[in-house]
Every structure is written in structure tokens, then in C-alpha cells.
2 protein chains.
Amino acid sequence: MSVSVQSTVARKPAGKREVTRRRVIDAAAAEFAEHGYHGGSTRGIADRLGMKQGSLYYHFKSKEAALEEVCRVGVGEFADGLEAILHKEQNSTERLRAAVANHLTPLLDKSDYVRVFLFERQHLPRDQRGEVARLSRRYEALLRWMFEDGITADAFPPRLDSGHAVLVFIGACNMVAATYGRPAPEQLDELMDGVADLLLGGLLRR
Amino acid sequence: MSVSVQSTVARKPAGKREVTRRRVIDAAAAEFAEHGYHGGSTRGIADRLGMKQGSLYYHFKSKEAALEEVCRVGVGEFADGLEAILHKEQNSTERLRAAVANHLTPLLDKSDYVRVFLFERQHLPRDQRGEVARLSRRYEALLRWMFEDGITADAFPPRLDSGHAVLVFIGACNMVAATYGRPAPEQLDELMDGVADLLLGGLLRR
DNA sequence: TATTCTATCTATCAATTGATAGAAAATCGG
DNA sequence: CCGATTTTCTATCAATTGATAGATAGAATA
């Protein structure tokens, strides 16, 4: 996290507006990740910034708008990364390994955002869920396509149900997110390999 | 749900105290499942019962106590059922199938309880999380034992990491819970088979 | 019937919440 | 240094919240 902030500052010393806004959203992500959306308060967010509660409303227009933005960043990681992988990598096995890595990597420096997206997005009002829902549907569609292509390519069995596969894939990855808050990098590598191996090979001895 | 209430009433016409208390906790489970713990209100619970908000406190001493009880019921299903399975069934494959069924079946008639346990237990204060945490640790320990015994029995590969297996198992099952609120029985059967097949056989063609 | 117990209601409380408006301060361009 | 713009602070608001206390009605008991 410190790295990305540092580089942003260094790259554009005058983007002060955007930098502060990012700090505010970071704090909102941390607050919501710790206490949930309804459990977290705007005063809690302000405290994390050494700011006064009322000042926040210069940066976002409502608590809900802040949640929306945190969720959007949280889900944004997934779809774009996966699309790139599907274009670059052609081997089904390697694709899946890369997809697991793509899903788990944000835990390193965007843990709060991802967790808020996973657990708090349901509290977005219908009419504000649009963009977030669109992004997560696209992610699921890309995953489904990956599995179906794997069947076509004869890497996965013809009777594989891609819907179930998507479910198990996302569930397994998210359980890692829920269990390990902000894993150490080596631990994360081991987790990625372990989960990918398990998904690919299954439990039964071959 | 109407069935279980009916039978309870018929079986014990005089257990009025317990029946009402169950109705109250049911309403709390529904409220928390829909809005989350912090998002739900005691007035919301009372409305579901056609009761006045203040009257609830005759049945539980605080909102937190209600959450604790909902979570305890929600997790209670899992461990006991799994222990019975491990005693009865000896074949590792059948054990796993039964374990998946055991995890998913409560979704049919205890959906609210299970979902509250899954998503809201984190909002229990440390000092009240005791019993709930104990039950879920026991469940995880039983699962781990199941996988390790499968390795010993030569059904699962020796290099299988039981910790990862527990993670993937729970994650996959919970994703079903999160995705399908209260599935139709046939749909649930298909989901149980699909998830179990996938966990056992993995993605790769054999 | 008189009395005790059970369950609910009424009314109210202090605390916290998200949000707004206007003053004040800080920053920046010239 | 000045004026303008950007950012933060102060003070306040109405609404909602969980919780409590005492009144009340009905059921059980004696």
C-alpha cells in the first residue's frame, strides 16, 4: 500500500485532489471492512484520517456513495485481470492457475476493498448497485467461458458443469479471502498453488 | 417452515413459552439475514411478529443476545451432523458426498440462520463469541480429520494438504449458500451432486 | 372469587447517526 | 502581499436506535 501511494505521489506531485480523495476512500474501505457498512460510521472514517466528520462530505456526497466507490474498486481488480489472462494464456491448466492468482493477489494490497465488495455489496440500494453488479456479472461470465473453452479444448471433461465450476472456484478463493486477512506474500503463493492444485486435480487419488 | 411450527404445536400444546421464543428468534434470524445485524432493527423484528418493539425484551435481554442465539442455531446443524456421518460411513468418497449434503441441507429450512451465522457472526463481541466459535472450530477439526483419514485410507493422495482441502470445501459449500437463498429440493440435490463431483474429481479430465 | 404469574403494551430516555450550512483557515496564482 | 479558490472546521439538526420502567390485560392457581 505504501508503495502505491508513494509512486502516485512521486508520479504526480500536483494531483493532491485525487490523492486526498484516495486516502478518504481508503479509510472508508478500512472502516467498512472492520465494522461492516451499517456498523461503520462516518465519524469512524474521519477519525482514521484525523479529520472531522463533517469534512468528509466535501469528498463524497453520502455514506452510500462511499460504499459504492469502495465496492467498485474492489470488484474492478478481478474482471480486467482475468480478461488479460484469457487473451495471453492458451493452456487451460495454466489459465486456471493464473485465474486463481488473479483472484487472490488483490488480497495483498487491496484486502479491505475486496472484503467490502464481498460482504457489504448487498447493502447497496438497488438503484446504486448497477455498475458494481455489471462488473461482477462480467467476471462470472468470463470464468464460465474459461471453463467451457477448457471443455472444448479437451482439457476438462465434457460433462463438467461450468456453472458449478464457477461457484466452486469463486467460493474457494473467497474463503481464502475471508480466512486470511492480509497474508504474507510467501503464504499467499503457497495458498494459490494449493488451491489451484486442489481445484485441478480434485481430492481423489489418480 | 409452516410445517415445523405446526408439528411443534401439535406435539406439545403446552410448550407455549418455547414456541413463542422460537418465533421471536425466527423473526430475528429473518431480520438479520435480510438487513445484516447492524442494518436490522429491533423494531423490524417486532414488526415481523406483530409485536411492539419493547415487548421483545421479555424474550431476550439484548439485540446482541439474539444474534448470538441465531448464530448458535445456525452453526449447530453442521458439527453434529458431520460427526454422525464420520461414525456411520467408512468410505472416503461417500463420506465426502454425505458431508456436502450435510452442509447444504440446512439451506432448505434454516436458510436464515445459516446465512446469519456465515455473514454476521463477525459482529458478535469477543466475549460473546465463545460458544459459536467453539462449535465452528469443532466443525473444521472434524473436516480436517475426514481428509486426513482419507489420506491414511489411501483414497486421497498423500500430498493432499488437509488445511487447503477444508478451505476449499467450506468455501464451495458456502458459495452455494450465498448464491441460492432457499433452493428448491431438486435443485439442491443437483447442486450437492455437482459440487461433490467437482471436489472429488477436480477439473482435469481423467 | 381473590391472587399471583405471564406476556404484552405504552411511553419515554439518552445516545448515536448521517447530513447540512456557514465560518474559518489554508493554499495558490498573480 | 492580495484576492480567489480549495479544503477543513464548527455547530447544529432531525431521525432513528436499543433499552428501561411501569401500567395493563389475560391466564393460571388456589
Side-chain angles (χ1 to χ4, degrees), chain A residues 5 8-9 12-71 116 120 123-125 127-128, chain B residues 5 8-9 12-71 116 120 123-125 127-128:
Chain A
V5 168
T8 309
V9 171
K12 205 166 211 197
K16 207 167 154 191
R17 182 85 187 266
E18 286 76 14
V19 171
T20 308
R21 191 183 162 73
R22 167 55 77 111
R23 278 187 60 231
V24 171
I25 299 297
D26 274 353
E31 176 79 4
F32 295 156
E34 186 170 340
H35 299 112
Y37 172 65
H38 290 293
S41 70
T42 53
R43 270 158 180 99
I45 299 175
D47 285 349
R48 290 169 192 265
L49 296 161
M51 236 184 217
K52 296 297 171 180
Q53 184 258 346
S55 309
L56 291 177
Y57 286 77
Y58 178 77
H59 298 283
F60 52 71
K61 78 177 221 303
S62 72
K63 191 188 178 191
E64 266 175 9
L67 174 63
E68 202 269 345
E69 181 151 350
V70 172
C71 285
V116 170
E120 307 300 325
H123 299 301
L124 276 174
D127 60 343
Q128 223 167 346
Chain B
V5 168
T8 308
V9 170
K12 204 165 210 198
K16 210 167 153 190
R17 181 82 187 266
E18 287 76 15
V19 171
T20 308
R21 190 182 162 73
R22 168 54 77 109
R23 279 186 61 232
V24 171
I25 299 296
D26 274 352
E31 175 79 4
F32 295 155
E34 186 172 340
H35 298 113
Y37 172 65
H38 290 292
S41 70
T42 53
R43 269 155 182 100
I45 299 174
D47 286 348
R48 290 169 193 266
L49 295 162
M51 235 183 218
K52 297 298 171 180
Q53 183 258 346
S55 309
L56 291 177
Y57 286 76
Y58 178 77
H59 299 282
F60 52 72
K61 79 176 221 303
S62 71
K63 193 188 177 192
E64 264 174 10
L67 174 64
E68 201 269 344
E69 181 150 350
V70 172
C71 285
V116 170
E120 307 299 326
H123 298 301
L124 278 174
D127 60 343
Q128 221 167 350

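Because only heavy atoms are used, hydrogens play no part in the values below, and waters and symmetry mates are left out as well, while side chains stay in. Proteins get letters first, then strands, A, B, ... in listed order; numbering begins at 1 in each.
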At under 4.0 Å, does any side-chain N or O of A:Ser55 touch on OP1 or OP2 of D:dC9?
yes
CA sep, side-chain torsions, deciding dist, call: B:Ser41, B:Glu31, side chain to side chain contact (heavy atoms under 4.5 Å, CB included)
CA-CA 8 Å; B:Ser41 70; B:Glu31 175 79 4; 4.1 Å; yes
So if I take every side-chain heavy atom of B:Tyr57 and compare against C:dG18, D:dA19, D:dC9, which nucleotide ends up nearest?
D:dA19
Counting distance only, does the side-chain N/O of B:Glu120 pair as donor-acceptor with the main-chain N or O of B:Tyr37 below 3.5 Å?
yes
Let me know the distance between CG of A:Leu56 and P of C:dG18, rounded to the nearest Å.
10 Å
Take atom CZ of A:Arg23 as the centre, draw a 6.0 Å sphere, and report whether it contains more than 12 heavy atoms from other residues, nucleotides or ligands.
no
Check the distance between C:dA7's C1' and B:Arg22's CZ and give it to me in whole angstrom.
20 Å
Is there a donor-acceptor pair under 3.5 Å between the side chain of A:Lys63 and the backbone N or O of A:Gly40?
yes
Sub-3.5 Å donor-acceptor pair from the side chain of B:Arg21 to the main-chain atoms of B:His59, do we have one?
yes
From the set D:dT12, C:dT8, D:dG18, return the single nucleotide nearest to any side-chain atom of B:Gln53.
D:dG18
Rounded to whole angstrom units, what separation is found between the OH atom of B:Tyr37 and the P atom of D:dT17?
13 Å
What integer distance in Å separates A:Phe32:CZ from C:dT17:P?
13 Å
Going from CZ on B:Arg43 to CG on B:Leu56, what distance comes out if it is rounded to the nearest 0.5 angstrom?
10.0 Å
Could you give the CZ-to-C1' distance, from A:Arg23 to D:dT8, as a whole number of Å?
12 Å
Do B:Glu64 side-chain atoms and B:Pro125 backbone N/O form a donor-acceptor pair below 3.5 Å?
no
In this structure, how many angstroms lie between the P atom of D:dT7 and the NZ atom of A:Lys61, rounded?
19 Å
Name the closest nucleotide to the B:Ser41 side chain, picking from D:dG18, C:dT17, D:dT8.
D:dG18
Phosphate OP1/OP2 of C:dT8: any B:His59 side-chain N/O under 4.0 Å
yes
Does D:dG18 have OP1 or OP2 sitting under 4.0 Å from an N or O in the side chain of B:Lys63?
yes
Let me test you: for the helix from C:dT1-D:dA30 to C:dG30-D:dC1, what is the angle between the axes at its two ends (five pairs each), rounded to 10 degrees?
20°
For A:Tyr58 and D:dT8, is the shortest distance between a side-chain N/O and OP1 or OP2 below 4.0 Å?
no
Which is true for B:Gly44 with a 4.0 Å heavy-atom rule: it touches a base, it touches only sugar-phosphate, or it touches nothing?
nothing
Out of D:dT8, C:dA19, D:dT10, which nucleotide sits closest to the side chain of A:Lys52?
D:dT10
Using a 4.0 Å heavy-atom cut-off, does A:Gly39 contact any base of the nucleic acid, only the sugar-phosphate backbone, or nothing at all?
nothing
Interatomic distance where CZ belongs to B:Phe60 and C1' belongs to C:dA7 [whole Å]
15 Å
Euclidean distance, A:Ile45 CD1 relative to A:Asp26 CG, rounded to 0.5 Å:
11.5 Å
Taking CZ from A:Arg43 and C1' from D:dT8, how many angstroms apart are they, rounded to a whole number?
16 Å
